[in-house]
Structure formats: C-alpha cells, structure tokens
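Report on the structure given below.
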Amino acid sequence: MVDSPYVMTLDLNVLNHLGINLYSNVPAVLSEIVANAYDADAKRVDIVIDRRSGTVTIQDDGCGMGLDEVNGRFLSVGFRRREQVGGAVTPIHGRPVMGRKGIGKLSLFSVARTVRVETVKDGDRNAMIMRLSDIERVINGQGGSGAYHPEPQAIDAIDFNNGTRITLTDLKKGLGNASGALRKRLARRFSVLGANTDFRLFIDGQEVTVEDRDYFHKIQYLWTFGELAAGESLAKQCRKLEHHRHLPSSTDHGVVSGWIGTVSNAKDLKEGAGENLNQITLMARGKLAHEDLLDELRETSVYRSYMIGELSADFLDADDQDDIATSSRQRIIESDPRYESLMSWLQDETLPAIRRSWTNLRNEDGKKSALVEPLVSEWFDTLGKDTKKKAERLFGKINQVAVNNEEERKNLLAHMILAFESFRYRDNLEALDRIGPSDLSAVARIFDDVIEIESVLYHQIVTQRLRVIERLQDHMDKDDLEKILQKHLYDNMWLLDPSWERASEPTMEERIDKAFASITSSLDDEVKKRRMDIRYRRVTGAHVIVELKRYSVRVTSVDLIEQITRYRDALESYLEQNGLKEPVEVVCVVGADLKDWDTARNRERSKDMLAAAGARVVKYDELLTNAEASYKEYLRSRKDAGKIRKILDALADSANDGED
C-alpha cells in the first residue's frame, strides 16, 4: 500500500447497505457534485465532457478544502455537515445548505471506476485518486469496518488558486450526446441557477439557463404558487401562455412555491428516447427532491396527461427536523407528516381547482376553435338554446381529448357532429307518437333528416373504400397484388361487388371451409399449384365461393367449371341439408385472360358457359378498376350534398390543408 496522508473512514456495513450503485443515471450523479459546489459557496461550476478520452471534469471556484477538510468531510462517508459544523447556511453567501447525508460522494462510483480529486484552499493544495477496485478490495477483505487510503497525486498539475476539480475516468456509462442531454436535465434538477442567484453552471463552455429546461414555451395555461412577483416573472417566460392564475399555497407545515402548467396538446410532453415531461417534480432547497408527484396521486382525469409542474417545499428539508429524503436523494419518505400535508394540499385543494379551471378553459377554447369553421358556425346557429349548450359541451370534450395533430381533432369534430345529428333525429323519431294528423308535413321533415344521415354515413363508407382501393393499387406489381388481394379480399367482399356486405356466420363458414379443405386435399399437385386459395363467404342475400388463381396461371373455361363444380355441389348440399334455399355465386379471380378467350366470340361463349354454372370471372386489375369506377360513380351522382355532408367535407378539406 502506498504511504498516504489521506484516509477515508468507512463503516463498511453501511457502505454495503447503501451500495456503490446508489444512483441510476449520470445527471443524478453530477447533480450531487454541483450541489457540493453550491454548498462550497462557488459562483461558477464548469462541466467538460471529453469524448475522445472518455472523461468528465467538474470544476468549481468555491472555497476548496484543506487536508483536514478532505479527510474529515469529503472522505468521511456519512459526514453530516449541518449538525457537525453547524452549517445551516454557507459562510460567504448565506445559502441554505443542500447536502445532508454525507453519502453523495459515493455516487461518483455509480458512473466511473476512477475518480481524481484536486482541491485548493488558502494555498493548501491536495490531489488524490480513488479507484473503485481498491475500495471493493477493502470491503471484501475487512468485512465490518476499516480504512481506505486514496492514492496521493502530485500537485504540480493544479492550475487554479481556489476551488475543487473532480475528474471521472474509466466511465461505466457511455457519454453519447451527453452535452445537450445533460444541459436539459441539470437545468431541470436545480432552481438556483443563474446570474440572479450568483450561481452559474456551464457545460462545455455554454451556460445552463432556465431556458434549457425546454418546456416553458409549451405551456398554455399556468397556475403559480408562493410569491406573486415570482409567478408573474415565470409567466413572462411562457411564450404561448393564454391563462395565468395565482393560487393559495399554505399547508399545515409550510408554504409551497412553484407552478403547475398544462400544454395545448398532450403529445408536446413526449420527448425523444421515450422520455415524458408529464410529471410534477418536487424541489427542496433549490434541488430536486422527488422526481414525480403525479405518480403518487389518485388522479385519472383527462387533464392529467396535459400537466407539467415544479413545486418547491423547503419545509421538507428543515434543519431542526428529521431528514425525510431517501438515500438516493431523488424521492421523499412518503409516510412523513410533512409530505402527507403537502400531498393533501395538492390532491384535495389545488388539483381540483386546477381541474375545474382547465375544463372551463378548454371548453371555451373548444367552442372557439370549432366555430372558426364557417359551416360549423352556421350549423351551430341553427340549433335551439338548450341544444346549443349540449353542442358546446361536446366541443369542449373534443378539446380535452389527447390527439396527435389537427387532422385528428377535425376528424373528431366531424364524427361528433354526425353523432350529434343522429341522436337529434332519434329524438325526432320518438316524437312521431306526438304528431297529429294536421302535422303530416313535420313527418316529411323528420324522414328527410334521417335520409340525410344515412346518406352521409354511406358517403363516408364509399370514401374510405376508395382509399383502400388506392392503397391496393400501389401494389399493382403482379406478385405483390396477388399476395395483398389474398390477404384482404375475403374480409372485404365489396371489392367483388359493391352491394356485398359481410353477414358474419362464423359457424357455417368454418364448416364449409372444412368441407372445401377435404376437396382440395384430393386434387392432384398440378391443380393445387395453379390455385392460391378457395374460400366460402356468407354475404348479404347470397352465399359466395371465391377462387383465387395465381397471377401467372392460364386455364380454360372448362377447367374452371370442372374445378368449381365440386365446391358448388358441396355447398348446395350443405344448404339443402339445413333447409336453406338461397342463391350461390362463384367468382374466379385470375391474372390473365382464359385460354379460350382468343376471340370475341369465344369470350362471349365462355362467359355464357360460366354463367350457366353460376360463375363469373374477373381479373386482378379489373377487380380494383371496376370497384373504383363504381364508387366514384356513386360520388358523382351525389353532387348535391346536404348540410351535414358539406360540414364534414369542409372539415376534411381544412384538415388536409393543415397537414400540407
């Protein structure tokens, strides 16, 4: 062992209990070092990240340490400064001391295997290196208690007159894009940074400021606590702020300061790498004390997902009371009466007031936003007084729902109007019982309304189906189209006939498919290779057999009739046994013309033969073209749109314009 004037005194059982891996991330570790610099009355702290050498250096211009202080304070695990030195505040700037447990220095070994410490106080220069492997050797070798002697270093490299420099090497965690990430996270962990507090933090030469928290510009509504002047100053930083209110902040144990805000869109609180700003952090003495109070609350209302905040409660860290911070200094012991008082104030008094205010504000904003659309405004003006109130509440609910973009919001608005009208007309139909003979004209108006709703609904169905066809046409490559159609055709029978809607009868379909599988298994290999699949489907008013031929296969009409007859006979036999007399149709989907379609006359003769067998043939590309033409013709024939469809079309157009 190298002779050394330095000595770290350890209760190794305590050290094992706390664990070397006390902290979970780099920002938490560096926060401890920055807090130590704050307690040392430093005015400036510099963090330098060297990716080439894989080192992190933290240097401050504080009071530094002499040899006695290095041994008696820094290297003394569990040194309790507030009690042992009587240091409730720092000697020069009178700052409330952040440190308390005296174990923060252990956090260094959570991220680095080697720690170099250089410090100067009143000309007394000291330098040493601590290695995790040596500390672990002492722990394993001595068991109960002992002493670890850091390795002394030459003091010639110390190029500053006062303060402390800590260099972390042999890092356990990669640095990555550490500079930008650290700037944001450290800014969020301290509320005492800036020239106004005479404590400034720099990372790679660039100062960390309140703007680096990178969330004030997202806040739409703001509620502040504590000093009114501080709340007004904070409100000025929120560039998109639409509402600010100052609320009472007294608990049974002390006053809470800080703020809670909400954003206009919940997705604004989602950051890269899965990080989420949807939380309320708790500060004590200017430093993070609890990472997220929202997790502790019984709050499930919609507005919770829009919320962000930072509260400060210094009474949780009073010098004359028990320390209620956990060992990691990132959470509070929740059974303490001071914490329970804080949570009661938050849960029972503050959040209900915020929820009511937020709901009213979002409802009003929802109404304003909806009525910006001229046709929506015209529709709203046609409503009666009581009905308008219901519509306003729905506007507000839409504005409370978390959506990803403006298009989604307008789609919600469109569906709301359609649903609203549907319920209105349902009420009208119930009113039929109250209509007398002299009011027959009112009946016509009611049914006109119902017909319009049905027309709008089918118009939306047609529009959606055209989008499906467009997506399928993107796969017009022969191999792709073959696979895509096999996947989607059986669940979207309208591709074969616009009048066909699925009438789900899973039991019957399962039995028929099993019968078909039995027939298929008896076919020779050559016939099997020509086919992709054959399936039975029950549709509105008919039983349908669909056979998909491979795109490249060409067969004759006789071949097709011979193959499909077996399946048709099996299906008709099953229907007869179950007393069902409904039509059976067979559709064969092929990639190219049949072999015997070599002339127009032969083509017509072939189609007649297939029709006599209850079958028809459609080609892959014709399938999409015919379906598209059918639906587009429907849209063209419905040019005179009713008022509801005009509103929906206008909302869809404006949503698309917004996306562009």
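In this text, all values refer to a predicted model and were calculated from it rather than measured experimentally.
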Treating [X] as the side-chain partner and [Y] as the backbone partner, does any N or O pair qualify as donor plus acceptor under 3.5 Å?
| X | Y | answer |
| --- | --- | --- |
| Thr119 | Asn126 | no |
| His93 | Ala42 | no |
| Asp212 | Thr209 | yes |
| Asn162 | Lys121 | no |
| Thr90 | Arg95 | yes |
| Arg213 | Ala187 | yes |
| Thr197 | Val192 | yes |
| Asp60 | Tyr38 | no |
| Arg44 | Arg200 | no |
| Glu69 | Gly66 | yes |

Please report the closest heavy-atom contact between [X] and [Y], naming both atoms and the distance.
| X | Y | answer |
| --- | --- | --- |
| Ile166 | Ile33 | CD1-CG2, 4.0 Å |
| Thr224 | His246 | OG1-ND1, 2.7 Å |
| Ser53 | Thr55 | OG-OG1, 3.0 Å |
| Asn276 | Leu269 | OD1-O, 3.2 Å |
| Gln347 | Pro352 | O-CD, 3.2 Å |
| Ala266 | Ser305 | CB-O, 3.6 Å |

May I ask you to test the [X]-[Y] pair for a side-chain heavy-atom distance under 4.5 Å?
| X | Y | result |
| --- | --- | --- |
| Ile58 | Asp46 | no |
| Leu351 | Ile260 | yes |
| Phe216 | Val210 | yes |
| Lys388 | Phe380 | yes |
| Cys238 | His244 | no |
| Asp50 | Thr57 | no |
| Asn278 | Met307 | yes |
| Leu132 | Lys172 | yes |

Fill in: Phe315 six-ring face occupied by Arg338 cation (under 6.0 Å, within 45°)
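Judged by the rule (NZ or CZ under 6.0 Å from the ring centre, within 45° of its axis), Arg338 is not positioned above Phe315.
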
Worksheet item: Is Arg362 close enough and on-axis enough to Tyr303, meaning under 6.0 Å and within 45°, for cation-pi?
Response: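 No, Arg362 does not lie over the aromatic ring of Tyr303.
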
Flag if over 12 foreign heavy atoms under 6.0 Å of [atom1], [X]:
| X | atom1 | answer |
| --- | --- | --- |
| Glu227 | CD | no |
| Asn360 | CG | yes |
| Asp381 | CG | yes |
| Lys389 | NZ | no |

Worksheet item: Going through the distances and angles, do Thr251 and Ser341 end up as a side-chain contact (heavy atoms from CB on, under 4.5 Å)?
Response: CA-CA 6 Å; Thr251 73; Ser341 175; 3.4 Å; yes

Practice prompt. Could you give me the CA-CA distance, side-chain angles and deciding distance for Phe225 and Thr350, then say whether side-chain contact (heavy atoms from CB on, under 4.5 Å) is met?
Written response: CA-CA 10 Å; Phe225 316 95; Thr350 304; 3.6 Å; yes

Atom [atom1] in [X], atom [atom2] in [Y]: separation rounded to 0.5 Å?
| X | Y | atom1 | atom2 | result |
| --- | --- | --- | --- | --- |
| Arg116 | Leu168 | CZ | CG | 12.5 Å |
| Asp365 | Trp358 | CG | CH2 | 10.5 Å |
| Lys367 | Ser377 | NZ | OG | 9.5 Å |
| Arg73 | Asp39 | CZ | CG | 11.0 Å |
| Met343 | Asp336 | CE | CG | 13.0 Å |
| Ser250 | Trp345 | OG | CH2 | 9.5 Å |

Is it true that [X] and [Y] make a salt bridge, defined as a side-chain N closer than 4.0 Å to a carboxylate O?
| X | Y | result |
| --- | --- | --- |
| Lys43 | Asp198 | yes |
| Asp214 | Lys184 | yes |
| Lys287 | Glu32 | yes |
| Glu207 | Arg183 | no |
| Asp159 | Arg165 | yes |

Worksheet item: Between His290 and Tyr339, does the ring centroid distance fall short of 6.0 Å?
Response: yes

Item to complete: Would you tell me whether Ser344 and Asp348 have side-chain atoms, one donor and one acceptor, within less than 3.5 Å of each other?
Response: yes

Worksheet item: Can you check salt bridge (Lys or Arg N to Asp or Glu O under 4.0 Å) on Arg189 and Glu310, steps first, answer last?
Response: CA-CA 10 Å; Arg189 285 176 169 269; Glu310 176 188 301; over 6 Å; no

Practice prompt. Decide yes or no on side-chain contact (heavy atoms from CB on, under 4.5 Å) for Ser31 and Arg188, but give the supporting numbers first.
Written response: CA-CA 10 Å; Ser31 293; Arg188 294 173 181 174; over 6 Å; no

Worksheet item: Considering the options Ile219, Leu311, Ile280, which one meets the side-chain contact (heavy atoms from CB on, under 4.5 Å) requirement together with Trp259?
Response: Ile219

Worksheet item: Step by step, would you call Leu288 with Met283 a side-chain contact (heavy atoms from CB on, under 4.5 Å)?
Response: CA-CA 5 Å; Leu288 180 69; Met283 299 281 190; 4.3 Å; yes

